[in-house]
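Take a look at the structure set out below.
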Amino acid sequence: MSAALQMMAFSLALLSALFLLLATCTDCWMVNADDSLEVSHKCRGLWRECVTNMQDGVRTCDQYDSILADHPVKIVVTRSLLITADLLAGLALVTLLLGLDCIKLLKEDPCVKLKMCYGAGVILGFGSILGLVGSVWYAVDVYVERATLVSHNIFLGVHYDFGWSCWLGMAGSTGCFMASILLTCCLY
């Protein structure tokens, strides 16, 4: 039972950590949400902004000037939280891998292996909270920005909505949190 639970938690943590990493690296946190006929599809991410021509499929991306440049708070905070969540999820995966019953390292001391699994669950929990806060922070800021423009009857030509990278970050964080619960609460 314990080995099956460990493997299920490891699989969930691995998939969720990959989702978090993909969310951090991809560039579609905000997408244009206009109802009019568009000739291009615009995506904004944490690192660059991309435009895809819908007629011929040509995609061009503009990198943001610098990591240290003056960026909106939502980009800086989301970057920081997601990078920290990625690092914590990676550390938790390595710790969990060493603590699995099927790994021969420290096989003679099952108490240490159990503590490693518990520690991995705690680390994964912290990482998942940071990733979820970063993703939700970004999503709320996009919503507030759009609601403010609509309430003041301001139309800038493009309205943005949540992109698939934002949803991927939320899904990865939620999966890491579920794996954390499996490792900290259900393993004992």
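Everything numeric here is computed off the predicted structure, so don't read it as measured data.
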Closest contact, heavy atoms only, [X] versus [Y]:
X      : Y      : value
Cys176 : Ala17  : SG-N, 4.0 Å
Cys102 : Met7   : SG-SD, 4.0 Å
Ser135 : Cys166 : O-SG, 3.7 Å
Gly127 : Ala85  : O-CB, 3.2 Å
Thr26  : Ser165 : OG1-OG, 2.5 Å

Using modelled atom types only, decide if a donor and an acceptor are shared between the side chain of [X] and the backbone of [Y] within a distance under 3.5 Å.
X      : Y      : value
Trp29  : Thr24  : no
Gln6   : Cys117 : no
Asn32  : Lys42  : yes
Ser180 : Val122 : no

Roughly how far, to the nearest 0.5 Å, is [atom2] of [Y] from [atom1] of [X]?
X      : Y      : atom1 : atom2 : value
Ile103 : Leu96  : CD1   : CG    : 9.5 Å
Leu98  : Leu93  : CG    : CG    : 11.0 Å
Thr95  : Leu88  : OG1   : CG    : 10.5 Å
Thr60  : Arg48  : OG1   : CZ    : 11.5 Å
Leu183 : Leu124 : CG    : CG    : 7.0 Å
Asp86  : Leu91  : CG    : CG    : 12.5 Å

Under a 4.5 Å side-chain heavy-atom rule over Ile, Leu, Val, Met, Phe, Trp and Tyr, are [X] and [Y] clustered together?
X      : Y      : value
Leu14  : Leu22  : no
Ile75  : Phe162 : yes
Leu21  : Met178 : no
Val142 : Leu46  : yes
Leu18  : Leu81  : no

Exercise. Do Tyr118 and Thr184 pass the side-chain contact (heavy atoms from CB on, under 4.5 Å) test, and can you show the C-alpha distance, the side-chain angles, and the key distance before you say yes or no?
Worked result: CA-CA 5 Å; Tyr118 182 76; Thr184 55; 3.9 Å; yes

Exercise. Side chains of Asp109 and Lys113: does their closest heavy-atom pair fall under 4.5 Å?
Worked result: no

Problem set entry | Sub-4.5 Å side-chain heavy-atom contact between Leu20 and Ser173 | yes

For this session: Evaluate the side-chain contact (heavy atoms from CB on, under 4.5 Å) criterion for residues Thr174 and Ser128: first the C-alpha distance (whole Å), next the side-chain angles of each, then the deciding distance (0.1 Å), finally the verdict.
Result: CA-CA 7 Å; Thr174 304; Ser128 68; over 6 Å; no

Problem set entry | Cys28/Cys43 sulfur atoms closer than 2.5 Å | yes

For this session: Apply the side chain to side chain contact (heavy atoms under 4.5 Å, CB included) test between Phe10 and each candidate in Leu97, Leu5, Leu182; give the one that qualifies.
Result: Leu97

For this session: For a side chain to side chain contact (heavy atoms under 4.5 Å, CB included) with Tyr138, tell me which candidate from Met170, Arg79, Lys74 qualifies.
Result: Lys74

For this session: I would like to know whether Trp47 and Asp27 meet side-chain contact (heavy atoms from CB on, under 4.5 Å); could you show each step before the answer?
Result: CA-CA 7 Å; Trp47 310 103; Asp27 54 7; over 6 Å; no

